[in-house]
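Here's the structure, in structure tokens; my notes come after.
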There are 2 protein chains.
Amino acid sequence: MSLEHAILGFLNYAPMTGYDLKKAFDTSVRHFWPADQAQIYRTLKDLARRGWVTVEVVPQEDRPNRKVYHITDAGREELRRWLRTPTDPEDPRVPLLVKVFFAGGLTNEEAVALLEAYAAGLRARLEEYARVPQQAAHYAEAIRSPREVFFWTLTLDYGVRLTRAALEWAEEAIRNIHNQEES
Amino acid sequence: MSLEHAILGFLNYAPMTGYDLKKAFDTSVRHFWPADQAQIYRTLKDLARRGWVTVEVVPQEDRPNRKVYHITDAGREELRRWLRTPTDPEDPRVPLLVKVFFAGGLTNEEAVALLEAYAAGLRARLEEYARVPQQAAHYAEAIRSPREVFFWTLTLDYGVRLTRAALEWAEEAIRNIHNQEES
DNA sequence: TGATATAATATGACCAGTCATATATAGGAT
DNA sequence: ATCCTATATATGACTGGTCATATTATATCA
């Protein structure tokens with residue numbers, strides 16, 4: 001599970017509430033690890049149970065108390081251990097390809113429409129990527145060390161490259177379908 | 001859920017048992033939609049409940065009866081409907097990137113090792129892709145129409161392109177890490 | 001002889017994640 | 001006047017999928 005370790009990663013920057021964490025995820029790693037609000041709270045409970053974080057309850061009037069989570073030494077150790085561990089391969093599931101595999105039963109027009117819709121989604125994603133740096137900069141209180149920015153940029157670059165590759169594939173596929181005889 | 005529709009896709013080629021389906025998945029679409037044996041059986045039950053497939057029980061001695069599933073007209077309609085429906089975007093989760101995002105706390109050597117291990121996995125995957133055509137040809141009783149082969153080839157091409165893009169990213173990242181000052 | 005593979009279906013426990021909804025108040029927008 | 005948003009945490013129902021295991025006979029391999 002990457003979520004628990006991503007949370008440790010953020011708490012290693014600064015103590016945060018579940019609410020803060022949700023915002024942190026949404027403005028930084030969402031593109032490769034979206035986090036559900038309910039799941040964040042459940043995972044925080046689990047992290048506390050394991051002793052990797054502690055809770056500090058900050059009373060508030062008129063709204064729920066803030067539960068500020070702090071990473072512990074054990075948590076920091078676990079974070080480092082995990083960072084150095086080779087990664088589980090990612091889930092290869094690509095719903096579009098399942099359709100493409102069985103697309104022989106479609107007309108050329110239908111198949112092209114399928115790929116065009118996919119390509120449109122990819123183009124939209126590329127535009128989103130272009131907006132990420134501002135969003136993140138806006139949120140990141142103090143932009144962290146150049147080293148951290150370097151690694152953060154790597155993740156963005158990955159997204160751009162992979163999305164471009166998928167887009168090129170889709171565009172070439174569309175061109176090739178036109179040369180296909182419909183059975 | 002793509003699994004149920006992939007099953008419909010296979011049953012549209014020919015009636016099959018759950019056991020047959022598992023083999024079909026493993027020799028064709030596994031790379032973009034792996035299927036768990038237990039999940040196949042549960043899904044078949046569900047498809048039957050919805051009237052998209054019917055079951056024909058073929059008695060056998062000495063081993064469990066074969067339950068041969070046949071696609072129905074309703075199932076064929078559902079398959080076509082699904083094929084023409086624009087696709088849900090794929091799950092963007094990439095565990096490696098979560099680590100890279102927080103990799104500022106690693107030494108350059110540790111970060112490089114992480115990416116090298118990842119790159120090794122990608123190279124292995126590329127070699128696997130090279131072996132897919134033979135495997136699939138071996139299994140596909142009658143290689144289906146050229147049109148079907150065309151679409152099947154598209155899915156393989158997607159895998160190769162995306163894996164190559166990821167590999168190039170990793171290799172360039174490794175080169176760049178060496179120019180990074182360790183904080 | 002004993003282990004493993006093949007054929008075939010099935011269940012139970014579990015896990016990570018999603019979605020809807022609940023609570024409670026303040027402030028701004030339509 | 002009403003709706004939406006922000007702040008903040010929490011639970012219950014559900015879903016798709018994984019893993020281990022069970023059954024039962026034959027055949028193969030070391």
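All heavy atoms count here, side chains included; hydrogens, waters and symmetry mates do not. Numbered from 1 within each chain, the chains take letters A, B, ... in sequence-line order.
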Once you round it to whole Å, what is the distance between [atom2] of [N] and [atom1] of [X]?
X	N	atom1	atom2	answer
Lys23(B)	dT6(C)	NZ	P	9 Å
Asp88(A)	dC19(D)	CG	P	11 Å
Leu44(B)	dT9(C)	CG	P	9 Å
Arg66(A)	dT7(D)	CZ	P	10 Å
Asp20(A)	dA8(D)	CG	P	7 Å
Phe32(B)	dG17(D)	CZ	P	14 Å
Glu56(A)	dA8(D)	CD	P	13 Å
Glu4(B)	dT15(D)	CD	C1'	11 Å

- Task: For the residue pair Asp46(A) and Thr43(A), confirm or rule out a side-chain donor-acceptor distance under 3.5 Å.
- Result: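 Their side chains do not contain a donor-acceptor pair, so the 3.5 Å distance test is not met.
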
- Is a side-chain donor-acceptor pair under 3.5 Å present for Arg147(B) with Asn108(A)?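 The criterion, which ignores hydrogens and geometry beyond distance, is satisfied for Arg147(B) and Asn108(A).
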
- Message: I'd like to know if Asp73(A) pairs up with Arg76(A) as an ion pair, taking the criterion as any Lys NZ or Arg NE/NH1/NH2 lying under 4.0 Å from an Asp or Glu carboxylate oxygen.
- Response: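 Counted as a salt bridge, because a side-chain N and a carboxylate O are separated by less than 4.0 Å.
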
- Has Lys67(A) got a side-chain N or O lying under 4.0 Å from the OP1 or OP2 atom of dA10(D)?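 Affirmative; the distance criterion is met.
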
- Interatomic spacing from CG in Leu47(A) to CZ in Arg42(A) - rounded to 0.5 Å: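 Spacing of CG (Leu47(A)) from CZ (Arg42(A)) equals 14.5 Å.
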
- Query: Got a sec, which residues hit salt bridge (Lys or Arg N to Asp or Glu O under 4.0 Å) with Arg81(A), two or more places apart in sequence or on another chain?
  - Reply: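 Once residues adjacent in sequence are excluded, the partners of Arg81(A) under the salt bridge (Lys or Arg N to Asp or Glu O under 4.0 Å) criterion are Glu78(A).
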
- Item | Partners passing salt bridge (Lys or Arg N to Asp or Glu O under 4.0 Å) against Arg84(B) (at least two apart in sequence or in another chain) |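 Arg84(B) satisfies salt bridge (Lys or Arg N to Asp or Glu O under 4.0 Å) with Glu110(A) once adjacent residues are dropped.
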
- Are Leu97(B) and Val29(A) close enough, and set up right, to give a side chain to side chain contact (heavy atoms under 4.5 Å, CB included), and what steps lead you there? CA-CA 9 Å; Leu97(B) 292 188; Val29(A) 300; over 6 Å; no

- Message: With heavy-atom distances below 4.5 Å as the criterion, would you say the side chains of Phe32(B) and Tyr158(B) are in contact?
- Response: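 Not touching, per the 4.5 Å side-chain cut-off.
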
- State, yes or no, whether a side-chain contact exists between Glu77(A) and Thr72(A) at a heavy-atom distance under 4.5 Å.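 Sidechains of Thr72(A) and Glu77(A): no contact.
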
- Message: So for the helix from dT1(C)-dA30(D) to dT30(C)-dA1(D), with five pairs setting each end axis, what is the inter-axis angle to 10°?
- Response: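 So the angle between the two local helix axes works out to 30°.
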
- Item | side chain to side chain donor-acceptor pair (under 3.5 Å) partners of Lys67(B), counting only residues at least two apart |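 Per chain and number, Lys67(B) pairs via side chain to side chain donor-acceptor pair (under 3.5 Å) with no residue.
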
- Task: Produce a footprint string for nucleotides 11-22 of chain C: one letter per nucleotide, 5' end first; B if the base is under 4.0 Å from any protein heavy atom, S if only the sugar-phosphate is, - if neither.
- Result: BBB--SBBB---

- Query: Taking it one step at a time, do His5(A) and Phe102(B) satisfy side chain to side chain contact (heavy atoms under 4.5 Å, CB included)?
  - Reply: CA-CA 10 Å; His5(A) 291 101; Phe102(B) 293 109; over 6 Å; no

N/O-N/O pairs, protein side and nucleotides 24-28 of chain C side, under 3.5 Å:
unit_1, atom_1, unit_2, atom_2, d
dT25(C), O4', Asp62(A), O, 3.2

